[in-house]
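The block underneath contains the structure these notes are about, expressed in structure tokens.
None of these values were measured; they are calculated from a predicted model. Here is the naming used below: chain letters follow the sequence lines, and residue numbers restart at 1 for every chain.
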There are 2 protein chains.
Amino acid sequence: MKTIIPIHEVKTKTTPNDSFFESYEARFKALADRKRLQIMYELTQRGKTCVCDLCDIVDMAQSKLSYHLKILLDANLITREVIGTWSYYEINNSEVNGLLSEELCCIFRPTRS
Amino acid sequence: MKTIIPIHEVKTKTTPNDSFFESYEARFKALADRKRLQIMYELTQRGKTCVCDLCDIVDMAQSKLSYHLKILLDANLITREVIGTWSYYEINNSEVNGLLSEELCCIFRPTRS
DNA sequence: TTATTAAATCAAAAATATTTGATCAATGAA
DNA sequence: TTCATTGATCAAATATTTTTGATTTAATAA
């Protein structure tokens, strides 16, 4: 699986090359799904949340939720913390704020900290 | 006693429904392609540009470019002006600024006007 | 008129992404 | 130990997107 370069390191000094656009493509692809946007929304509202709770909240089969969480995680839009058998996911504030407008604040991105 | 939610708070106090997420899905889908991001970048840099010029600039076959422009147009991220047989495309400033962060200014979104 | 150019659209093929159900690995409890 | 629970991963089936080359439409020039 491809590693996503953190958003603040990706900024261009010269004409962007293909890997520059590729890097943003990965982030926007992760956002380009209504189910993943709903996950982003719930994590924005609730803060750090356990997968088992999220399963009920977004009404999704476990393997399907896991698939979508992985896409958001690989895009660096959320982070994961494992405690015992539980996994907790949380919005990656700096990444999301660096990508989305202030108008989207409280919907998909948290308030600026 | 029922509490009336002030209109400017309705957006965040009400749980978004599927069509809300669907609407953002469409925008992010349009951005979720490196070729379309390159088109956005070039339009941001150059301003209103003719399809025939864009074809050379992004080095893309005409029908392919037309396909990608339609996706951006349908997502309301760019606008079109037809003059004779030429089509000129331009960034839709307000839409893009309402969606993307200020950090992306000058890359995919124009400076705030 | 005919020829040329710009650009949208179409249909088929190819490439990607998503869903589904099953399985697996790890943790903790009985 | 055995059992139950959490959640990641796998492979196959579906579904969706993208690419390609051909065709079409419209405008203009010869």
Side-chain angles (χ1 to χ4, degrees), chain A residues 1-4 18-19 21-40 42-43 46 48-90, chain B residues 18-19 21-40 42-43 46 48-90:
Chain A
M1 186 58 207
K2 178 170 278 174
T3 309
I4 306 295
D18 190 60
S19 83
F21 294 117
E22 201 178 326
S23 153
Y24 280 99
E25 178 189 87
R27 292 165 225 270
F28 289 123
K29 257 194 182 127
L31 293 171
D33 181 279
R34 73 195 67 178
K35 280 296 185 185
R36 290 195 291 271
L37 288 174
Q38 193 194 351
I39 292 167
M40 293 288 287
E42 294 298 342
L43 292 180
R46 292 164 194 269
K48 189 176 287 196
T49 307
C50 181
V51 171
C52 55
D53 294 335
L54 212 49
C55 232
D56 294 336
I57 292 163
V58 302
D59 186 31
M60 221 184 282
Q62 183 270 317
S63 71
K64 192 170 166 177
L65 177 57
S66 199
Y67 167 79
H68 287 296
L69 285 170
K70 187 175 190 325
I71 286 171
L72 292 170
L73 187 67
D74 288 346
N76 202 25
L77 295 172
I78 61 176
T79 58
R80 176 159 81 120
E81 192 190 356
V82 178
I83 297 173
T85 48
W86 289 271
S87 282
Y88 294 87
Y89 286 89
E90 190 174 19
Chain B
D18 191 60
S19 83
F21 294 117
E22 202 178 328
S23 138
Y24 281 98
E25 177 189 86
R27 291 166 228 267
F28 289 124
K29 255 191 185 135
L31 293 171
D33 180 279
R34 72 196 67 177
K35 280 298 187 183
R36 290 196 290 271
L37 288 173
Q38 193 193 352
I39 292 167
M40 293 288 285
E42 293 298 341
L43 292 180
R46 293 163 194 271
K48 189 175 287 196
T49 306
C50 180
V51 171
C52 54
D53 293 335
L54 212 49
C55 231
D56 294 336
I57 292 163
V58 302
D59 186 31
M60 219 185 284
Q62 183 270 317
S63 70
K64 192 170 165 178
L65 177 58
S66 199
Y67 166 79
H68 287 295
L69 285 170
K70 188 176 190 326
I71 286 171
L72 291 170
L73 187 68
D74 288 346
N76 202 27
L77 296 172
I78 60 176
T79 59
R80 177 158 81 122
E81 191 190 355
V82 178
I83 298 175
T85 49
W86 289 272
S87 281
Y88 294 87
Y89 285 89
E90 191 174 19

Between C1' on D:dT16 and CZ on B:Phe28, what's the gap in Å once rounded to a whole number? 20 Å
A:Ile83 CD1 - D:dG7 C1' separation (whole Å): 14 Å
Within a strict 4.5 Å, meaning less than it, do heavy atoms of the B:Asp18 and A:Gln38 side chains meet? no
Of the candidate nucleotides D:dG7, C:dA17, C:dA8, which contains the atom at the shortest distance from the side chain of A:Lys29? C:dA17
Sorted by chain and residue number, the salt bridge (charged side-chain N to carboxylate O under 4.0 Å, His left out) partners of B:Glu25 (sequence neighbours excluded) come out as A:Arg34, B:Lys29
To the nearest angstrom, the CH2-P distance between A:Trp86 and D:dA8 comes to 14 Å
Rounded to whole Å, CG of B:Leu54 lies from C1' of C:dA8 at a distance of 15 Å
Starting at CG of A:Asp53 and ending at P of D:dT5, how long is that distance when rounded to a whole Å? 16 Å
Rounded to whole Å, please give me the gap between CE in A:Met60 and P in D:dA8. 13 Å
What donor-acceptor contacts under 3.5 angstrom involve side-chain atoms of residues 54-74 of chain B, with partners at least two apart or in another chain?
residue: B:His68; atom: ND1; partner: B:Arg36; partner atom: NH1; Å: 3.0
residue: B:Lys70; atom: NZ; partner: B:Asp74; partner atom: OD2; Å: 2.9

Rounded interatomic separation in angstrom, taking CD from A:Glu81 and P from D:dT6: 18 Å
Under 4.0 Å, counting only non-hydrogen atoms across every strand here, what does A:Cys55 touch: a base, just sugar-phosphate, or nothing? nothing
Between B:Arg80 and A:Thr85, just flag the one whose closest nucleotide in DNA chain C comes earlier from the 5' side. B:Arg80
NA contact type, A:Tyr89, heavy-atom cut-off 4.0 Å: base, sugar-phosphate, or nothing? sugar-phosphate
Which atoms form the tightest heavy-atom contact between B:Trp86 and B:Cys52, and what is the distance? CD1-SG, 3.9 Å
Which atom of B:Tyr24 lies closest to which atom of A:Leu37, heavy atoms considered: CB-CD1, 3.7 Å
Can you give me the closest heavy-atom contact between B:Tyr89 and B:Leu43, atom names plus distance? O-CD2, 3.6 Å
Got a sec? Which of residues 62-72 of chain B come in under 4.0 Å of DNA chain C, heavy atoms? B:Gln62, B:Ser63, B:Ser66, B:Lys70
In whole angstrom, give the distance that lies between atom CG of B:Leu73 and atom C1' of C:dA7. 13 Å
Looking at every heavy atom in both B:Ala32 and A:Ala32, which two are closest together, and how far apart are they? CB-CB, 4.0 Å
